[in-house]
Amino acid sequence: MRCSSLLPALLTPALLLAGCAATPRAAMLEPPLAGTTFGSVKPAKVETLVIVVHDDTETAPSHTGFAERAAAAIPNAAVVALLRPGYGSTGGIVSPGLRGAGNGDAYTAEIVRLLGETVAAHRQRYPRARTILVGDGGGAALVANLAGTRPRLVDGMLLVGCPCTLPEWRALMAKAKPGKGFNRPVESLDPLQTVGGIAVTTRTAIMVGENDRITPPRIAGTYAEALALRGIAIDFRRLPGRGHEILNDAETLQALARLARPVPNQVATR
């Protein structure tokens with residue numbers, strides 16, 4: 001492309017004479033979704049970018065503690081505790097948009113698009129970094145859908161308590177929580193339907209509590225099988241005696257640390 005096509009129309013004659021040397025760098029993208037970044041490494045030296053996407057919740061998300069611990073545990077990392085649309089933090093940061101009703105309606109193509117634009121903006125800030133997305137609960141469904149629809153944005157993903165077979169999960173919740181809207185039609189993307197777009201090189205870990213009654217192990221297992229059929233190596237772990245709230249479990253942080261290592265991990269199951 002000729003350098004003149006990159007120059008703004010209102011450049012002064014002096015700048016025009018300077019040619020390509022006057023061409024400004026590409027403007028930094030602005031993330032459409034808010035969040036808090038942890039880590040003290042300069043952006044040019046960050047080797048691992050971790051973006052944590054929280055669960056559906058009626059209160060302020062509690063994923064910042066995990067993000068802060070991850071930044072301390074992973075060398076040369078920047079970790080973003082992202083806020084989904086309509087959610088705010090205890091520090092007063094709020095992401096624009098409306099949150100869902102909590103019935104599986106907030107994993108739409110539009111929200112996945114906003115997540116993708118946010119990830120792309122952070123990737124631009126950390127140009128040397130590999131990007132690992134951590135999703136908790138409904139956040140895991142969003143991460144899985146992003147990996148399936150924009151695979152170049154995701155180098156690795158950690159799915160924690162994922163409702164990754166959406167119709168099955170919503171049917172289960174309609175029985176467990178009648179009157180909460182789980183039997184109403186939604187426009188959310190089903191991760192099991194987007195799994196075919198995930199790059200086979202995507203390093204993946206899936207965590208679920210053995211006693212999880214919100215997203216039972218069989219739901220995670222079905223999705224893990226779909227990933228395996230794609231030829232994707234999976235670190236799939238069922239945590240004995242644990243329920244749904246396992247984001248802040250020590251084994252979850254260990255799984256993230258394994259994904260962040262530069263040498264590919266062998267598949268581990270139990």
Side-chain angles (χ1 to χ4, degrees), residues 48-53 55 104 106-120 123 129-172 186-210 212 215-239 246-247 251-252 254-270:
T48 304
L49 167 64
V50 179
I51 298 177
V52 187
V53 187
D55 198 355
Y107 324 139
T108 63
E110 173 61 16
I111 295 176
V112 173
R113 181 188 68 80
L114 290 172
L115 175 60
E117 290 182 0
T118 302
V119 172
R123 282 173 64 98
R130 292 170 291 117
T131 303
I132 300 174
L133 269 58
V134 179
D136 183 28
L142 287 169
V143 167
N145 281 321
L146 181 63
T149 55
R150 297 190 66 182
R152 293 186 179 182
L153 292 179
V154 184
D155 299 307
M157 61 179 179
L158 170 57
L159 309 179
V160 182
C162 183
C164 283
T165 59
L166 191 62
E168 180 185 359
W169 175 70
R170 297 190 75 238
L172 173 71
V186 296
E187 297 182 357
S188 293
L189 301 180
D190 178 11
L192 198 59
Q193 298 300 315
T194 61
V195 70
I198 298 177
V200 296
T201 55
T202 305
R203 298 171 66 180
T204 303
I206 299 177
M207 311 287 287
V208 62
E210 189 69 55
D212 189 344
T215 52
R218 71 173 184 271
I219 289 179
T222 299
Y223 187 73
E225 290 174 1
L227 289 170
L229 289 174
R230 284 277 298 149
I232 297 172
I234 313 153
D235 182 358
F236 178 35
R237 303 192 180 220
R238 299 162 62 136
L239 304 189
I246 60 171
L247 177 65
E251 289 202 42
T252 303
Q254 291 167 12
L256 175 60
R258 287 191 294 272
L259 288 178
R261 292 172 188 164
V263 179
N265 301 304
Q266 294 180 342
V267 177
T269 59
R270 70 179 183 189

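Numbers here simply count residues along the sequence, with the first being 1.
- The two atoms that bring Ile234 and Ala224 nearest to each other are CD1-O, 3.0 Å, heavy atoms only.
- Counting only heavy atoms from C-beta outward, the side chains of Val53 and Leu146 never approach each other to under 4.5 Å.
- A donor-acceptor pair is defined here as one N or O able to donate and one able to accept, closer than 3.5 Å; no such pair exists between the side chain of Thr201 and the backbone of Ala199.
- Applying the side chain to side chain contact (heavy atoms under 4.5 Å, CB included) test to Gln254 and every residue at least two apart in sequence or in another chain returns Ala250, Glu251, Arg258.
- Leu142 and Ala106 make their closest contact through CD2-O, 3.7 Å (heavy atoms, listed as atom of the first residue, atom of the second, distance).
- The main-chain N or O of Ile198 is found under 3.5 Å from a side-chain atom of Arg230 such that the two form a donor-acceptor pair.
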From CA spacing to verdict: side-chain contact (heavy atoms from CB on, under 4.5 Å), Ile206, Leu227
CA-CA 11 Å; Ile206 299 177; Leu227 289 170; 3.9 Å; yes

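- Partners of Tyr107 according to the side chain to side chain donor-acceptor pair (under 3.5 Å) rule, which considers only residues two or more places apart in sequence or in another chain, are Asp56.
- In this structure Asp136 satisfies the side chain to side chain donor-acceptor pair (under 3.5 Å) test with no other residue, sequence neighbours excluded.
- Annotation for Pro191 and Ala141: closest pair CG-O, 3.9 Å, computed over non-hydrogen atoms.
- Applying the salt bridge (charged side-chain N to carboxylate O under 4.0 Å, His left out) test to Arg113 and every residue at least two apart in sequence or in another chain returns Glu110, Glu117.
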Going through the distances and angles, do Leu172 and Arg218 end up as a side-chain contact (heavy atoms from CB on, under 4.5 Å)?
CA-CA 12 Å; Leu172 173 71; Arg218 71 173 184 271; 3.8 Å; yes

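- In this structure, Thr108 contributes its side chain and Glu187 its backbone to no donor-acceptor pair below 3.5 Å.
- Put simply, OH on Tyr223 and OG1 on Thr204 are 7.5 Å apart, with the number rounded to the nearest 0.5 Å.
- Within the model, atoms OG1 of Thr48 and CG of Leu259 stand 10.0 Å from one another, a figure rounded to the nearest 0.5 Å.
- Arg203 places a side-chain N or O within donor-acceptor distance of the main-chain N or O of Arg261, the cut-off being under 3.5 Å.
- Under the rule for a side chain to side chain donor-acceptor pair (under 3.5 Å), Asp190 has no partner lying at least two apart in sequence or in another chain.
- A distance of 10.5 Å separates CD1 in Ile246 from CD in Glu210, rounded to the nearest 0.5 Å.
- Between the CG atom of Asn145 and the CG atom of Leu189 there is a distance of 4.5 Å, given to the nearest 0.5 Å.
- A distance-only check finds a donor-acceptor pair linking the side chain of Ser188 to the backbone of Gly104 [under 3.5 Å].
- Taking CD1 of Ile219 as the reference point, atom CG of Asp212 lies at 8.5 Å (rounded to 0.5 Å).
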Between Val143 and Val134, does a side-chain contact (heavy atoms from CB on, under 4.5 Å) hold up when you go through it step by step?
CA-CA 7 Å; Val143 167; Val134 179; over 6 Å; no

Cut-off 3.5 Å, no hydrogens considered: what does the side-chain donor-acceptor table look like for residues 150-165, sequence neighbours left out?
| residue | atom | partner | partner atom | Å |
| --- | --- | --- | --- | --- |
| Asp155 | OD2 | Thr131 | N | 2.7 |
| Thr165 | OG1 | Glu168 | OE1 | 3.1 |

